[in-house]
Amino acid sequence: MDSLRLELDNGVIVQLNNNALKRLSAMAGTSPESESKLRILEGNNIQQANLDIRNRSHLALQGIAIPELQYNLSEQAQVELSGDALAVLRK
C-alpha cells in the first residue's frame, strides 16, 4: 500500500502490524475529551508519518523507527516509545 490515512475518535483503537507504507497520516482524538489509541508495532515499514494526537489520546510506537516522523501532541496525550522508536528522542 502506498499510503494510509486514519481518523480515530471516541474510544477507537487501531493497531498497525506488518504494513509497508510510504506515508501514514493519522489524527487521533478529534472530539473534545476523546481517548483514541494508535499502536504502531515493530513489524511495520513506514517511510514517512504525520501523527496528530489530540485530547487524551494515546500513541504507542513499539520497536519501529520511522525515518521521516512529524508529530503534534496535545498536553493531555500519552505516548509510549520502545526499542528503535526511542530514536525520536535523540533528534
Side-chain angles (χ1 to χ4, degrees):
M1 194 178 327
D2 184 51
S3 63
L4 179 63
R5 183 176 184 276
L6 300 171
E7 187 170 321
L8 293 68
D9 202 17
N10 290 328
V12 171
I13 300 171
V14 172
Q15 179 171 295
L16 298 177
N17 195 17
N18 296 322
N19 295 282
L21 299 170
K22 289 183 182 177
R23 181 177 32 200
L24 171 64
S25 176
M27 183 186 319
T30 54
S31 297
E33 304 299 319
S34 64
E35 293 186 40
S36 302
K37 295 182 181 181
L38 175 60
R39 296 181 65 205
I40 304 174
L41 305 180
E42 185 175 12
N44 291 287
N45 181 355
I46 300 170
Q47 295 305 307
Q48 188 269 334
N50 186 345
L51 308 176
D52 187 1
I53 310 303
R54 300 179 178 187
N55 295 303
R56 293 189 281 181
S57 294
H58 305 252
L59 170 65
L61 298 176
Q62 298 177 325
I64 180 173
I66 301 172
E68 296 179 44
L69 176 62
Q70 297 178 349
Y71 56 89
N72 183 43
L73 305 171
S74 77
E75 290 182 8
Q76 296 175 318
Q78 295 184 29
V79 177
E80 175 188 338
L81 303 173
S82 64
D84 290 343
L86 292 168
V88 73
L89 298 176
R90 295 183 194 108
K91 289 184 180 183

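The shown structure was predicted, so the numbers you read here are calculated from the model rather than taken from an experiment. Below, all heavy atoms of this structure are taken into account, side chains as well, without hydrogens, waters or symmetry copies.
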- [ ] Please assess Leu6 against Leu24 for the test side-chain contact (heavy atoms from CB on, under 4.5 Å), listing each intermediate value before the final yes or no.
- [x] CA-CA 8 Å; Leu6 300 171; Leu24 171 64; 4.2 Å; yes
- [ ] Using the test salt bridge (charged side-chain N to carboxylate O under 4.0 Å, His left out), find all partners of Glu33 that sit at least two apart in sequence or belong to another chain.
- [x] Arg56
Open item on the list: Given Asp9, which partner from the list Ser31, Ser36, Ser57 fulfils the side-chain hydrogen bond (donor to acceptor under 3.5 Å, both in side chains) test?
Closed with: Ser31
Task: Which residues share a salt bridge (charged side-chain N to carboxylate O under 4.0 Å, His left out) with Arg54, sequence neighbours left out - done: Asp52
Open item on the list: Same cluster or not: Met27 versus Leu16, using hydrophobic residues (I, L, V, M, F, W, Y) connected whenever any side-chain heavy atoms lie under 4.5 Å apart?
Closed with: no
- [ ] Would you give the length of the straight line joining atom CD of Gln76 to atom CD of Glu35, rounded to the nearest 0.5 angstrom?
- [x] 9.0 Å
Open item on the list: With clusters defined by side-chain heavy atoms of hydrophobic residues (ILVMFWY) lying less than 4.5 Å apart, directly or transitively, does Ile13 cluster with Leu51?
Closed with: no
Task: Rounded distance [0.5 Å steps], CD in Gln70 versus CG in Asn50 - done: 5.0 Å
Open item on the list: Can a donor-acceptor pair be found, under 3.5 Å and without considering hydrogens, that links the side chain of Asn17 to the backbone of Leu41?
Closed with: no
Open item on the list: Tell me every residue that passes side-chain hydrogen bond (donor to acceptor under 3.5 Å, both in side chains) with Gln47, counting only those two or more places apart in sequence or in another chain.
Closed with: Asn45
TODO: Enter the distance from Asn44:CG to Asn18:CG here, rounded to the nearest 0.5 Å.
DONE: 6.5 Å
TODO: Return yes when atom CD of Glu42 has more than 12 non-hydrogen atoms of other residues, nucleotides or ligands closer than 6.0 Å, and no otherwise.
DONE: no
Task: Closest non-hydrogen atom pair, Ser3 against Leu21 - done: C-CD2, 4.3 Å
Open item on the list: Quick check for you: to the nearest 0.5 Å, what is the distance between Leu8 atom CG and Leu38 atom CG?
Closed with: 6.0 Å
Open item on the list: Please report the interatomic distance CG(Leu61) to OH(Tyr71), rounded to the nearest 0.5 Å.
Closed with: 10.0 Å
Task: Donor-acceptor contact present, side-chain Asn55 to main-chain Gly29, <3.5 Å - done: yes
Task: Test applied, side-chain hydrogen bond (donor to acceptor under 3.5 Å, both in side chains); reference residue, Arg39; option that passes from Gln15, His58, Glu80 - done: Gln15
- [ ] Carefully, step by step, assess Val79 and Leu73 under the rule side-chain contact (heavy atoms from CB on, under 4.5 Å).
- [x] CA-CA 9 Å; Val79 177; Leu73 305 171; 3.7 Å; yes
